[in-house]
Trainee: 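Here's a structure for you.
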Amino acid sequence: MSWVRRLRFLVCRFYWENQIRLGAFLSYQSSFLMRWKMRFGESQVLACVFGGEVDFMGGGDHPVTVIARAGKRLSRLELYECEPSDGEDCLDRGRFQLVKDVEAQPVLGSGVHIFITSDRDRGKRYFVRAYDDRGRHRDSSFVVSKIEELPTTRREETLSVQPGYPPVFTWPAPEDDNYWISFLMIVDPEKEKLVTGVYSWANRWAFPFVTKVPYYYHDSIPVPSLEPGRPYMATYLAVDREGWIPYLDHATVERPPAEG
């Protein structure tokens, strides 16, 4: 029955959302739980999705593109899709089909991959499956294409960088009630490498502090830093509860050259 599947989906999502909120809070109180959060993150696969006429990940026009990050304990990523039809929803993973002709493309390092589909329709659901060295799999949560009614756009001046080093990033609290979390990544454009990325419910982040965030994309040791005099690209992504990215923004950040 569809209402049973819907109820099960909402209960699971509520549990998952509050589990990682609790984990982020407790890790701030305990170094042991901080280490547990790190290990937990390395066995997870996270996904979000974007599409539309926006300058992101190369080019200015994108079909539905799924971004996934698998922890170090996972490899071999696969994309699954489901399109609602005949009154049937896509809340049961058994209805999803493997997308055989779309492979994961590594980008920026740190376990980040993208799946570039040919889809330009809304409503289709996806999830990403990753495998460990024993062949066991871990699935991301469902993400939903909203490319027709809410194409991803560049929202200028969303991301601000306060002067000084280490940099402090701020962004306004989203007004959309469906907003879930913010993702901010710092990329070395010359090396095409991700320095770090963090998920956060706050609207302020001091690089590279990661205690209060639920997930982040770098090892705790050594703590990442920016090389003096080199420009880096900071990209802010707003992510809603269905994993869709409605808007993003970019900012350049640079560590002042060393004196003398």
Trainee: Can you list the steps and then say if V143 with E242 is a side-chain contact (heavy atoms from CB on, under 4.5 Å)?
Mentor: CA-CA 5 Å; V143 295; E242 285 75 45; over 6 Å; no

Trainee: Do E227 and Y232 have a side chain donor and acceptor closer than 3.5 Å?
Mentor: no

Trainee: Check E81 with K124, please: is the shortest side-chain N to carboxylate O separation under 4.0 Å?
Mentor: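 Looking at E81 together with K124, the answer is yes, because their closest N to O distance falls below 4.0 Å.
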
Trainee: Give the C-alpha distance, both sets of side-chain angles, the deciding distance and a yes or no for side-chain contact (heavy atoms from CB on, under 4.5 Å) between V107 and H113.
Mentor: CA-CA 5 Å; V107 293; H113 294 74; 5.9 Å; no

Trainee: State, to 0.1 Å, how close A234 and L159 come at their nearest heavy-atom pair, and which atoms those are.
Mentor: O-CD2, 3.7 Å

Trainee: Using 0.5 Å steps for rounding, measure from the OG atom of S145 to the CG atom of D121.
Mentor: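 It comes to 7.5 Å.
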
Trainee: Are any of the side-chain heavy atoms of V187 and T235 separated by less than 4.5 Å?
Mentor: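 SC-SC contact between V187 and T235 ruled out.
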
Trainee: Are K146 and E148 ion-paired here, with the side-chain N under 4.0 Å from a carboxylate O?
Mentor: no

Trainee: Above 12 or not: heavy atoms from other molecules or residues under 6.0 Å from CD of E149?
Mentor: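 Enclosed: over 12 neighbouring heavy atoms sit under 6.0 Å from CD of E149.
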
Trainee: If every non-hydrogen atom of P228 is compared with every non-hydrogen atom of P257, which pair is closest and at what distance?
Mentor: CB-CA, 3.9 Å

Trainee: My understanding is that only one of T117, L98, D101 makes a side chain to side chain contact (heavy atoms under 4.5 Å, CB included) with L79; could you say which?
Mentor: T117

Trainee: Looking at R241 and Y179, would you say the former's side chain and the latter's main chain have a donor-acceptor pair under 3.5 Å?
Mentor: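 Flag set: sc R241 to bb Y179 pair under 3.5 Å.
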
Trainee: Heavy-atom distance under 4.5 Å between the side chains of T153 and L248, does that happen here?
Mentor: no

Trainee: Salt bridge (Lys or Arg N to Asp or Glu O under 4.0 Å) between R138 and D132: does it pass, once the steps are laid out?
Mentor: CA-CA 8 Å; R138 174 77 67 174; D132 63 17; over 6 Å; no

Trainee: If every non-hydrogen atom of P224 is compared with every non-hydrogen atom of P208, which pair is closest and at what distance?
Mentor: O-CG, 3.7 Å

Trainee: In Å, rounded to the nearest 0.5 Å, how long is the span from CG of N203 to CH2 of W201?
Mentor: 14.5 Å

Trainee: Considering all heavy atoms of both residues, which atom of A47 and which atom of S140 are nearest to each other, and what is their separation?
Mentor: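 Smallest heavy-atom distance, with atoms named: CB-OG, 3.7 Å.
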
Trainee: If you apply the rule side-chain contact (heavy atoms from CB on, under 4.5 Å), what do you find for T196 with F207, and how did you get there?
Mentor: CA-CA 9 Å; T196 189; F207 170 88; 3.8 Å; yes

Trainee: About how many Å separate CZ of R93 and CZ of F142, when rounded to the nearest 0.5 Å?
Mentor: 4.0 Å

Trainee: Do we see a donor-acceptor contact under 3.5 Å between the side chains of T158 and Y247?
Mentor: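 Looking only at side-chain atoms, Y247 and T158 do not form any donor-acceptor pair under 3.5 Å.
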
Trainee: Are S225 and Y165 close enough that some pair of their side-chain heavy atoms sits under 4.5 Å apart?
Mentor: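 A side-chain contact exists here, since the closest heavy-atom pair is under 4.5 Å.
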
Trainee: Salt bridge between D61 and R120, side-chain N to carboxylate O under 4.0 Å?
Mentor: yes

Trainee: Return yes if some donor-acceptor pair links the side-chain N/O of D240 with the main-chain N/O of W244 below 3.5 Å, else return no.
Mentor: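 Yes, the answer is positive, given that a donor and an acceptor are paired below the 3.5 Å cut-off.
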
Trainee: Any side-chain heavy atom of L194 sitting closer than 4.5 Å to one from V112?
Mentor: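 They are in contact (side-chain heavy atoms under 4.5 Å apart), so the answer is yes.
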
Trainee: Should P63 and S118 count as side-chain neighbours, where that means a heavy-atom distance under 4.5 Å?
Mentor: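 Heavy-atom side-chain distance check fails, nothing below 4.5 Å.
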
Trainee: Kindly indicate, with the supporting measurements, whether the criterion side-chain contact (heavy atoms from CB on, under 4.5 Å) is fulfilled by T170 and Q162.
Mentor: CA-CA 8 Å; T170 58; Q162 297 180 11; 3.6 Å; yes

Trainee: Any Lys/Arg nitrogen of R95 or E83 sitting under 4.0 Å from an Asp/Glu carboxylate oxygen of the other?
Mentor: no

Trainee: In the single-linkage hydrophobic clustering (I, L, V, M, F, W, Y; side-chain heavy atoms under 4.5 Å), do L237 and V144 co-cluster?
Mentor: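 As far as the 4.5 Å side-chain criterion goes, V144 and L237 are not connected within one cluster.
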
Trainee: Would you call R154-D55 a salt bridge at under 4.0 Å N-O?
Mentor: no

Trainee: On a heavy-atom basis, which atom in D119 and which in I147 lie closest, and how many Å separate them?
Mentor: O-CD1, 4.5 Å

Trainee: Do the ring planes of W205 and F169 sit parallel (below 30°), tilted (30 to 60°) or perpendicular (above 60°)?
Mentor: parallel

Trainee: For the pair D249 and R155, find out whether any cationic side-chain nitrogen is under 4.0 Å from an anionic carboxylate oxygen.
Mentor: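 Between R155 and D249 there is no salt bridge, as every charged N stays at least 4.0 Å from the carboxylate O atoms.
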
Trainee: Return the OG to CZ distance between S141 and R125, rounded to the nearest 0.5 Å.
Mentor: 10.5 Å

Trainee: So do Y80 and R129 actually touch side chain to side chain, heavy atoms under 4.5 Å?
Mentor: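 They are in contact (side-chain heavy atoms under 4.5 Å apart), so the answer is yes.
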
Trainee: Could you walk me through whether F96 and F127 pass ring pair (Phe, Tyr, Trp, His ring centres under 6.0 Å), step by step?
Mentor: CA-CA 9 Å; F96 284 70; F127 73 84; 5.1 Å; yes

Trainee: If you group Ile, Leu, Val, Met, Phe, Trp and Tyr by side-chain heavy-atom gaps below 4.5 Å, do Y199 and V168 land in one group?
Mentor: no

Trainee: Within this structure, what is the CZ-OG1 distance for the pair F56 and T65, rounded to the nearest 0.5 Å?
Mentor: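 With rounding to 0.5 Å, CZ (F56) is 9.5 Å from OG1 (T65).
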
Trainee: Restricting to non-hydrogen atoms, name the atom on S182 and the atom on Y236 that form the minimum distance, rounded to 0.1 Å.
Mentor: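 Nearest pair, atom of S182 first, then Y236: OG-OH, 2.9 Å.
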
Trainee: If you count heavy atoms of other groups shown closer than 6.0 angstrom to CD of E156, is the number above 12?
Mentor: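 Counting other residues, nucleotides and ligands, CD of E156 exceeds 12 neighbours.
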
Trainee: Going by heavy atoms in the side chains, are F115 and I67 under 4.5 Å from each other?
Mentor: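 No, side chains not in contact.
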
Trainee: Would you say that K193 contacts L108 through its side chain, given a criterion of any heavy-atom pair below 4.5 Å between the two side chains?
Mentor: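 No - every pair of side-chain heavy atoms lies 4.5 Å or more apart.
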
Trainee: Got a donor-acceptor contact below 3.5 angstrom from the H62 side chain to the V54 backbone?
Mentor: yes

Trainee: About how many Å separate CD of E78 and CG of D139, when rounded to the nearest 0.5 Å?
Mentor: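 Separation between the atoms: 9.5 Å.
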
